[in-house]
*Asks:* 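The following block contains the structure, expressed as structure tokens.
Letters A, B, ... are given to chains in the order of the sequence lines, protein chains preceding strands, and every chain is numbered from 1.
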Amino acid sequence: MSGDHGQGDCQVNSGSKGNDTQKHKDKEQRHKDHKKDKEREKLKHSNSEHKDHSEKKHRDKEKLKQNDGSSEKHREKHKEKDVDRRREAKIKSSHGDKPKKEKENGYARDPSPAAIKSEPEEDDGFYPSPQRHKATKRDHDDKEFEYKPKKVKTEHDKKAKKRKHEYEEDEVCFDVKPKKKTKVGGKKSLKEEEKWKWWEEERSTDGSKWRFLEHKGPVFAPLYETLPGKVKFYYDGKPMKLSAPAEEVATFFAKMLDHEYTTKDIFRKNFYKNWKKEMTSEEKSKITDLNKCDFSEMSEHFKAQSEARKQMSKGEKQKIKEENERILQEYGFCIMDNHKERIGNFRIEPPGLFRGRGDHPKMGMLKRRIRPQDIIINCSKDSKHPKPPQGSKWKEVRHDNKVTWLASWTENIQGSIKYIMLNPSSRIKGEKDWQKYETARRLKKCVDRIRTQYREDWKSKEMRIRQRAVALYFIDKLALRAGNEKEEGETADTVGCCSLRVEHIKLYPKLDDQEYVVEFDFLGKDSIRYYNKIPVEKRVFKNLQLFLENKQPEDDLFDRLNTAILNKHLQELMDGLTAKVFRTYNASITLQQQLKELSCSDDSIPAKILSYNRANRAVAILCNHQRAPAKTFEKSMQNLQTKIDEKQSQLSAARKQLKAAKADHKASRDDKSKRAVEAKRKAVQRIEEQLMKLQLQATDREENKQIALGTSKLNYLDPRISVAWCKKWDVPIEKIYNKTQREKFAWAIDMAENDYEF
DNA sequence: CTTATCACTTAGAATCTGATAT
DNA sequence: ATATCAGATTCTAAGTGATAAG
């Protein structure tokens, strides 16, 4: 990496050629509170300015002034956009059609210069990440699944022959067997039980997702049943009978009463506003203050109800179970291309109060009841169409085989579309999953090249390139998510890599005994906090300092970057590469490495499983998969501790006895007392072992307190790695994957041999 | 372009279930 | 038999990213 591009003074890149303008305009609106002058001031950079480290002084020398009315800038997004547009239009007309020029103006307001003077070379150690290896030679498996939507064959010799077109068969294979495993009629079940190995067949090449699809439509939420008369709602201390719609919404609130949500201001405000809409006009005029509403009787009623449900007799419970099973059998499956497949979510989401994660501006809003006329059905033209419930109609029935969903509706909180889709064990999900890991494996082959490239790009003279390169480094090294932009005010304020703001990182040239430490502290997906202090290479550190210059805390760190730009770049580096592939790749490769490191052939099975879990945990930590400690966590820890204490006193008692026995033996020297000593000794040993085990369990549980293994296991770890590991170390697959997981990963379990290499 | 829409994956919490302890 | 608990399952929110629309 010679890196000498433009050493010295390459300035201006024609950064102008680029799209450098785009992003910051949106981003600017975040500084809602700054004074205009401040804002102005910081916007004063021209793209042609050269920055060097010492540069701050140059800051003002730019020739470009803000040419539009930017001083009037409002903080509102739309307005902002308008201003920008106006400005651009103006520019355009004044400069003619040179795109370059017009961009140039964009820069004027940019917090960061487009061009950067390159820094002196100096540092640069080698890339430290352990992940960076040469790709291995052994990749024959890769061919098995090409990325291209082209037809892919898996010419894995042994399997290839088996592959043929099942499509021609007329008969449906029931590859999912009915619950009762002893479905008596032996003849038919044989065939039924045979699991369909879709992974041995060819995939379609034309972008269609299926050729035949038949299902019975979704199951709707049960209608609302009004409360028994004795369960009262009180307003201002007086009982008040509510109309059914108002009552229903009230029950939603009542059911959440002991959740802390209901104490939050926003929640209450949203709820109250939405509740009012359901009230009759009399109710509206009477109920004017949520604080005067007493839902406690309703709440008690539901608690009693669920208690009663628990107390039901066996027979009653059995009956309910059977009914559920019947519904599952009827609605829980569809027929897709000759195979009966399980549907993932065949029940429509019931109405209720919206619970966002984190600090969500819409928490407490009413999620409305979905009716047949809200539902779009998707199925084959030549299938038996699902029929809407008595007296109702579907919104639409369409036959789009370019998508995988069976039904959809638009949800009223965010206006997004919800879908009914197949279970992860289905062919359609499995193929995609498999493909995902194949893409990650292709990344493995070229990740060195990509890393070399982005390191080189840290020295680029173009700001946008540097930002892109540093962001990619974070995504690669820290497994950060891409970070799409979100609409402000619609969702909780969370970020990913590209949407990081200045306030989310802190730079420490020295911290304790480390140099160039970056501290990350932000809320990511689901408002899970990401907190990490990590030493980075000097060049990265310097770049970050540069990116931070002249910015406010609420400004974007990467003001010239967004996920579209990043992904477009990645696409050029490798077919099918996007930011999320790095997460998959790094997760899987980490598991593989950790397993290699931790597994030991003389370990017992439980010890091996512990190693597996530890490897899994390493990945979960990398991906920041956290969970709230269960409310019962402390208690269950305590229980365990009690057990440990008991064991401990048992142990000392046993030891005492041993001592006594020894003394006894010393005195009597007879055989009997000798045997007694031996027995006691054994007892002590046994108890010691038990104690050890308990203590191990305790540490394990403690370690796992806030770490969730499931997400990575289900979504990031190539299952073939785990399958191969099980085969290699003779660990039954059931120890690693439960039934559902085995169904989802059936393809991997079937195809991976013990020498599988990710 | 730039934004909006759509489809689909990924996510933690809530709820259910069934095994085990009492 | 009942209570307890942990793991399994369900639920649905919240991401990613491609592409259509303006």
Side-chain angles (χ1 to χ4, degrees), chain A residues 19 21-23 25-26 77-78 81 84-85 88 99 102-103 209 256 259 306 309-311 314 317 320-321 324 344-350 352 354-358 360 362-363 367 378 400 402-405 408 410-411 413-419 421-424 428-429 432-433 436 481-487 490-492 494-499 523-528 562-564 566-568 570-571 576-581 583-584 587 623-628 630-633 635-636 639-640 643 697 701 706-712 714-716 737-741:
Chain A
N19 33 0
T21 340
Q22 48 207 84
K23 166 161 202 172
K25 32 178 142 168
D26 307 309
K77 189 167 210 164
H78 317 286
K81 283 183 206 158
D84 264 62
R85 241 177 245 133
E88 280 187 25
E102 113 191 29
K103 291 307 190 182
K209 307 294 171 72
M256 298 177 75
H259 199 290
S306 77
R309 215 169 315 126
K310 271 189 236 157
Q311 302 303 321
K314 262 218 188 106
K317 281 185 183 165
I320 292 178
K321 215 175 141 188
N324 281 334
N345 55 326
F346 58 93
R347 288 174 201 276
I348 302 270
E349 298 173 16
F354 176 78
R355 309 146 92 107
R357 311 277 175 93
H360 197 117
K362 301 198 170 185
M363 62 168 78
K367 212 169 86 161
N378 193 31
D400 180 357
K402 299 286 189 276
V403 297
T404 67
W405 51 269
S408 72
T410 300
E411 155 269 349
I413 304 288
Q414 322 269 1
S416 63
I417 307 169
K418 301 265 189 159
Y419 302 93
M421 290 185 187
L422 297 193
N423 195 69
I428 215 158
K429 294 290 185 187
K432 200 84 185 298
D433 205 37
K436 172 181 77 186
R481 295 187 184 83
N484 282 317
E485 43 253 88
K486 309 167 73 187
E487 211 170 331
E490 294 292 296
T491 62
T494 62
V495 298
C497 187
C498 293
S499 49
L523 298 182
K525 182 176 178 179
D526 293 318
S527 292
I528 297 291
N562 63 33
T563 54
L566 179 62
N567 282 333
K568 193 164 159 255
L570 292 176
Q571 187 60 241
L577 187 60
T578 62
K580 82 197 264 284
V581 178
R583 249 166 103 80
T584 310
C623 295
N624 198 41
H625 291 142
Q626 299 188 30
R627 58 172 176 188
K631 296 153 293 239
T632 57
F633 182 83
K635 202 176 138 210
S636 93
N639 290 158
L640 201 52
K643 277 189 188 167
Q697 197 184 343
R701 195 181 291 180
Q706 313 205 63
I707 300 178
L709 303 187
T711 301
S712 48
L714 240 42
N715 300 299
Y716 288 102
Y737 291 139
N738 68 27
K739 182 166 144 283
T740 311
Q741 293 165 161

*Asks:* Any side-chain N or O of A:Thr578 below 4.0 angstrom from OP1/OP2 of C:dT16?
*Replies:*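 Result: no.
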*Asks:* Kindly indicate whether the side chain of A:Ile413, heavy atoms from C-beta on, has any atom under 4.5 Å from the side chain of A:Lys367.
*Replies:*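 Yes; the side chains approach each other to less than 4.5 Å.
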*Asks:* A:Arg627 has an atom CZ; how far is it from atom C1' of B:dT10, in whole Å?
*Replies:*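 Rounded to whole Å, this separation is 18 Å.
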*Asks:* When you check the phosphate oxygens OP1 and OP2 of B:dT10, does a side-chain N or O of A:Lys429 lie under 4.0 Å from one of them?
*Replies:*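 No.
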*Asks:* Think A:Lys402 has a side-chain N or O under 4.0 angstrom from the OP1 or OP2 of B:dA7?
*Replies:*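 The answer is no; no side-chain N or O of A:Lys402 sits under 4.0 Å from OP1 or OP2.
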*Asks:* Do the non-hydrogen side-chain atoms of A:Thr494 and A:Lys525 ever get within less than 4.5 Å of each other?
*Replies:*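 Answer no - side chains too far apart.
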*Asks:* For a quick test of reading the model: is some side-chain N or O of A:Lys580 closer than 4.0 Å to OP1 or OP2 of B:dT10?
*Replies:*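 Indeed, a polar side-chain atom of A:Lys580 lies that close.
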*Asks:* Classify A:Gly710 by what it touches in the nucleic acid, base, sugar-phosphate, or nothing, heavy-atom distance under 4.0 Å.
*Replies:*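 If one applies the 4.0 Å heavy-atom cut-off, A:Gly710 turns out to touch nothing in the nucleic acid.
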*Asks:* Tell me, please, which residues at least two apart from A:Lys310 pass salt bridge (charged side-chain N to carboxylate O under 4.0 Å, His left out).
*Replies:*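 Salt bridge (charged side-chain N to carboxylate O under 4.0 Å, His left out) list for A:Lys310, sorted by chain: A:Glu307.
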*Asks:* Rounded to whole angstroms, how far apart are CD1 on A:Ile428 and C1' on B:dA7?
*Replies:*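 These atoms are roughly 12 Å apart.
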*Asks:* Please compare A:Ala628 and A:Asn324 by the position of their nearest nucleotide in DNA chain B and report the one closer to 5'.
*Replies:*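 Counting from the 5' end, the first nearest nucleotide belongs to A:Ala628.
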*Asks:* A:Lys418: what forms a side chain to side chain contact (heavy atoms under 4.5 Å, CB included) with it, not counting sequence neighbours?
*Replies:*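 With neighbours one apart ignored, the set is A:Glu349, A:Trp409, A:Glu411.
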*Asks:* Strictly under 4.0 angstrom, non-hydrogen atoms only: write out the protein contact profile of nucleotides 8-14 of chain C, one letter per nucleotide from the 5' end, B, S or -.
*Replies:* SS--SSB
*Asks:* What's touching nucleotides 20-22 of chain C from the protein side, N or O pairs under 3.5 Å?
*Replies:*
none

*Asks:* For A:Lys314, which contact category applies under a 4.0 Å heavy-atom criterion: base, sugar-phosphate, or nothing?
*Replies:*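 No contact.
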*Asks:* Could you tell me which residues satisfy side chain to side chain contact (heavy atoms under 4.5 Å, CB included) with A:Asp526, sequence neighbours excluded, listed by chain and number?
*Replies:*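 Result, side chain to side chain contact (heavy atoms under 4.5 Å, CB included) vs A:Asp526: A:Arg357, A:Ile528.
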*Asks:* Only counting residues at least two apart or in another chain, list the ones meeting salt bridge (charged side-chain N to carboxylate O under 4.0 Å, His left out) with A:Lys362.
*Replies:*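 Residues passing salt bridge (charged side-chain N to carboxylate O under 4.0 Å, His left out) with A:Lys362: A:Glu490.
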*Asks:* My understanding is that only residues two or more places apart in sequence, or in another chain, count here; which of them pass side chain to side chain contact (heavy atoms under 4.5 Å, CB included) with A:Ile417?
*Replies:*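 Here the qualifying residues are A:Ser408, A:Thr410, A:Tyr419.
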*Asks:* Base, sugar-phosphate or nothing for A:Lys310? Non-hydrogen atoms, less than 4.0 Å.
*Replies:*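 Answer is nothing: A:Lys310 stays at 4.0 Å or more from every strand.
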*Asks:* What integer distance in Å separates A:Glu490:CD from C:dG15:P?
*Replies:*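 For the pair A:Glu490 CD and C:dG15 P, the rounded distance is 13 Å.
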*Asks:* Could you state the atom-to-atom distance from CG of A:Leu570 to P of C:dA18 in whole Å?
*Replies:*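 The answer, rounded to whole Å, is 10 Å.
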*Asks:* Ignoring the backbone of A:Gln571, work out which of B:dT9, B:dG12, C:dA18 is nearest its side chain.
*Replies:*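 Among the listed nucleotides, the one closest to the side chain of A:Gln571 is C:dA18.
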*Asks:* Just the rounded figure in Å: distance from P of B:dT9 to NZ of A:Lys432.
*Replies:*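 Rounded to whole Å, this separation is 4 Å.
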*Asks:* What contact category does A:Tyr419 fall into here, base, sugar-phosphate, or nothing, at under 4.0 angstrom with non-hydrogen atoms?
*Replies:*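 Base, at least one base heavy atom under 4.0 Å.
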*Asks:* For A:Arg701, what residues pass the side chain to side chain contact (heavy atoms under 4.5 Å, CB included) criterion, not counting sequence neighbours?
*Replies:*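 Here the qualifying residues are A:Phe633, A:Ser636, A:Met637, A:Leu640, A:Gln697.
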*Asks:* Using a heavy-atom cut-off of 4.0 Å across all strands, would you classify A:Ala579 as base, sugar-phosphate, or nothing?
*Replies:*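 It contacts sugar-phosphate atoms only.
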*Asks:* Contact class for A:Arg583 vs. all strands (heavy atom < 4.0 Å): base, sugar-phosphate, or nothing?
*Replies:*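 Sugar-phosphate, backbone atoms only, no base.
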*Asks:* Just to verify, what does A:Tyr716 make a ring pair (Phe, Tyr, Trp, His ring centres under 6.0 Å) with, not counting sequence neighbours?
*Replies:*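 Listed in chain order: A:His625.
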*Asks:* Taking the nucleotide of DNA chain B with the closest heavy atom to each, which residue, A:His259 or A:Val403, is nearer the 5' end?
*Replies:*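 The 5'-side residue here is A:Val403.
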*Asks:* Consider the side chain of A:Lys436, meaning its heavy atoms from C-beta on, and name the nucleotide among B:dC8, B:dT10, B:dA13 that approaches it most closely.
*Replies:*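 Nearest listed nucleotide: B:dT10.
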*Asks:* Could you tell me whether a side-chain N or O of A:Gln571 sits under 3.5 Å from a main-chain N or O of A:Gly576, the two making a donor and an acceptor?
*Replies:*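 Yes; at least one donor-acceptor contact below 3.5 Å.
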*Asks:* Output all residues satisfying side chain to side chain donor-acceptor pair (under 3.5 Å) with A:Thr491, sequence neighbours left out; order by chain, then residue number.
*Replies:*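 Counting only residues at least two positions away or on another chain, A:Thr491 forms a side chain to side chain donor-acceptor pair (under 3.5 Å) with A:Lys486.
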*Asks:* Could you give the CZ-to-C1' distance, from A:Arg481 to B:dT9, as a whole number of Å?
*Replies:*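 Checked: the CZ to C1' distance equals 11 Å.
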*Asks:* Please list, chain by chain and in numerical order, all residues satisfying side chain to side chain donor-acceptor pair (under 3.5 Å) with A:Asn345, sequence neighbours excluded.
*Replies:*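 Side chain to side chain donor-acceptor pair (under 3.5 Å) list for A:Asn345, sorted by chain: empty.
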*Asks:* For C:dG17, does OP1 or OP2 lie under 4.0 Å from any side-chain N or O of A:Asn567?
*Replies:*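 It does, given that an N or O in the side chain of A:Asn567 lies less than 4.0 Å from OP1 or OP2 of C:dG17.
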*Asks:* Any protein N or O atoms within reach of nucleotides 4-6 of chain C? Criterion: under 3.5 Å, listing atom names and distances.
*Replies:*
unit_1, atom_1, unit_2, atom_2, d
C:dC5, OP1, A:Asn639, OD1, 2.4
C:dC5, OP2, A:Lys635, NZ, 3.2
C:dA6, OP1, A:Arg701, NH1, 2.8
C:dA6, OP1, A:Arg701, NH2, 3.2

*Asks:* If you look at every strand shown and take non-hydrogen atoms under 4.0 Å, does A:Leu714 touch a base, only sugar-phosphate, or nothing?
*Replies:*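 Nothing: the residue A:Leu714, judged by heavy atoms under 4.0 Å, touches no strand.
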*Asks:* Nearest-Å distance, CG (A:Asn484) to P (B:dT5)?
*Replies:*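 After rounding, the gap between these two atoms is 16 Å.
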*Asks:* Is the backbone of A:Thr711 close enough, under 3.5 Å, to the side chain of A:Asn715 for a donor and an acceptor to pair up by distance?
*Replies:*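 It does hold such a pair.
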*Asks:* Can you tell me how far P of B:dA14 sits from CE of A:Met256, to the nearest Å?
*Replies:*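 Nearest whole value for this atom pair: 9 Å.
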